[in-house]
Amino acid sequence: MIDIPSWKIHEKWCQALGVRKEVCKGVNKIIDSPPHDIVDNLLKWKWARDLFESGKLRQPLFGGYYGIVTSELAEITNRFGEEGIKATFNHIALDRIAELIELGLKKEKIREKLIENDLMKYIPDYDQVFKDISKEVEPSKQKIERRKEFEELTRSGVYGVFYINSRPLPPVAGLNLIKSKIKKGERVYVKWGIDTYDALKGRIKKFISNEEELKKLINEIKNV
């Protein structure tokens, strides 16, 4: 599997921030090693980003999955210091640009997303970075379709909590999972409630096998 953007592009723009080449290489290797979850989680976990960006994350936090991700971040802080932190956010920013290009977003919309994520300060020259990445990445018809479906589900007006496969899920994630399963021809047992406890009990519970049954479920939830 080829990493996109390529390490060549990552190293070029990492070094443009004034980070040494060996640090750029070391950070790229850590981030792109499985499970490759630093990119998404540093944008989702504000507490982890605040600790890491300030240089205070120097040991793994908690256990399990959190421990795996924070141990990688601690390794970057301890081995590379401030340069490693800059290299990490530069890597995240370039990966984010590639991801949004694949989703069909245009250059200025991507810029807005990067500003929302407070990543522009880690991009030395946005126009040139975008140009470089666009040579390697193209919009993906499949990913664009998935994005449109996700946006449609977001606008559905569904609230509460789904309970599917023994785990609670927020509205859009739950609908997305149901939709993906019925597309594969699977029959999904769904429980829904206004909160996690209510979902576990199953205020609404039924099997969903097709789009028509999913629409009926959405309407039923909206009428609760």
List the atom of [X], the atom of [Y], and the distance in Å for their closest heavy-atom pair.
X: Ala87; Y: Val19; value: CB-CG1, 4.3 Å
X: Pro124; Y: Asn90; value: CD-ND2, 4.1 Å
X: Ile144; Y: Pro139; value: CD1-CB, 3.9 Å
X: Ile133; Y: Leu94; value: CD1-O, 3.6 Å

Step through the shown structure and confirm whether more than 12 heavy atoms of other residues, nucleotides or ligands are within 6.0 Å of [atom1] on [X].
X: Lys121; atom1: NZ; answer: yes
X: Glu145; atom1: CD; answer: yes
X: Lys179; atom1: NZ; answer: yes

What pairs with Lys201 under side chain to side chain contact (heavy atoms under 4.5 Å, CB included), at least two apart in sequence or on another chain?
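Partners of Lys201 by the side chain to side chain contact (heavy atoms under 4.5 Å, CB included) criterion, ordered by chain and then number, come out as Tyr197, Asp198.
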Side chain to side chain contact (heavy atoms under 4.5 Å, CB included) with Asn78: which residues, sequence neighbours excluded?
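Listed in chain order: Arg58, Ala74.
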How long is the straight-line distance from [atom2] of [Y] back to [atom1] of [X], given to the nearest 0.5 Å?
X: Glu53; Y: Lys46; atom1: CD; atom2: NZ; answer: 9.5 Å
X: Leu105; Y: Glu112; atom1: CG; atom2: CD; answer: 9.0 Å
X: Phe162; Y: Leu177; atom1: CZ; atom2: CG; answer: 10.0 Å
X: Ile31; Y: Ile38; atom1: CD1; atom2: CD1; answer: 5.0 Å
X: Ser71; Y: Leu57; atom1: OG; atom2: CG; answer: 9.5 Å
X: Leu114; Y: Ile92; atom1: CG; atom2: CD1; answer: 11.5 Å

Which of these, Lys148, Arg155, Arg147, sits in a side chain to side chain donor-acceptor pair (under 3.5 Å) with Glu151?
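One option only clears the test, and that one is Arg147.
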May I ask you to decide whether [X] forms a salt bridge with [Y], counting only side-chain N to carboxylate O separations under 4.0 Å?
X: Lys56; Y: Asp50; answer: no
X: Arg203; Y: Asp195; answer: no
X: Glu211; Y: Lys183; answer: no

Is any side-chain heavy atom of [X] closer than 4.5 Å to a side-chain heavy atom of [Y]?
X: Asp95; Y: Pro5; result: yes
X: Val190; Y: Ile204; result: no
X: Leu43; Y: Arg96; result: yes
X: Phe89; Y: Leu42; result: yes

Ring centroid separation Tyr126 to Trp13 under 6.0 Å
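Aromatic pair excluded; centres sit 6.0 Å or further apart.
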Give me the ring orientation class for Tyr189 and Phe207: parallel if the planes are under 30° apart, tilted from 30 to 60°, perpendicular past 60°.
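Rings of Tyr189 and Phe207: tilted, as their planes differ by 30° to 60°.
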When hydrophobic residues are tied together by side-chain contacts of less than 4.5 Å, even through go-betweens, does [X] share a cluster with [Y]?
X: Val188; Y: Tyr163; answer: no
X: Ile194; Y: Val172; answer: yes
X: Leu169; Y: Tyr159; answer: yes
X: Val161; Y: Ile178; answer: no
X: Ile208; Y: Trp192; answer: yes

Just distance, no hydrogens or angles: give the donor-acceptor pairs under 3.5 Å from side chains in residues 59-66, sequence neighbours left out.
residue: Tyr65; atom: OH; partner: Asp37; partner atom: OD2; Å: 2.7
residue: Tyr65; atom: OH; partner: Asn41; partner atom: ND2; Å: 2.8

In sequence, state the C-alpha distance, the side-chain angles, and the governing distance for Phe52 and Ile76, and then conclude on side-chain contact (heavy atoms from CB on, under 4.5 Å).
CA-CA 9 Å; Phe52 179 68; Ile76 290 170; 3.9 Å; yes
Residue pairs passing the salt bridge (charged side-chain N to carboxylate O under 4.0 Å, His left out) test where at least one lies in residues 80-92, sequence neighbours excluded:
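Non-adjacent pairs meeting salt bridge (charged side-chain N to carboxylate O under 4.0 Å, His left out): Arg20-Glu83.
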Which side-chain N or O atoms in residues 216-224 pair as donor and acceptor under 3.5 Å with protein atoms at least two apart or in another chain?
residue: Asn219; atom: ND2; partner: Lys215; partner atom: O; Å: 3.4
residue: Glu220; atom: OE1; partner: Lys206; partner atom: NZ; Å: 2.6
residue: Lys222; atom: NZ; partner: Ser156; partner atom: O; Å: 3.2
residue: Asn223; atom: ND2; partner: Asn219; partner atom: O; Å: 3.0

Side chain of Lys191, backbone of Lys205: donor and acceptor closer than 3.5 Å?
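Not a single qualifying donor-acceptor pair exists.
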Worked verdict on Leu100 versus Arg111 for side-chain contact (heavy atoms from CB on, under 4.5 Å)
CA-CA 10 Å; Leu100 294 173; Arg111 187 196 296 268; over 6 Å; no
Validation: residues 21-28 side-chain donor-acceptor distances under 3.5 Å, sequence neighbours left out:
residue: Lys25; atom: NZ; partner: Glu11; partner atom: OE2; Å: 3.4
residue: Asn28; atom: OD1; partner: His91; partner atom: ND1; Å: 2.8
residue: Asn28; atom: ND2; partner: Cys24; partner atom: O; Å: 3.1

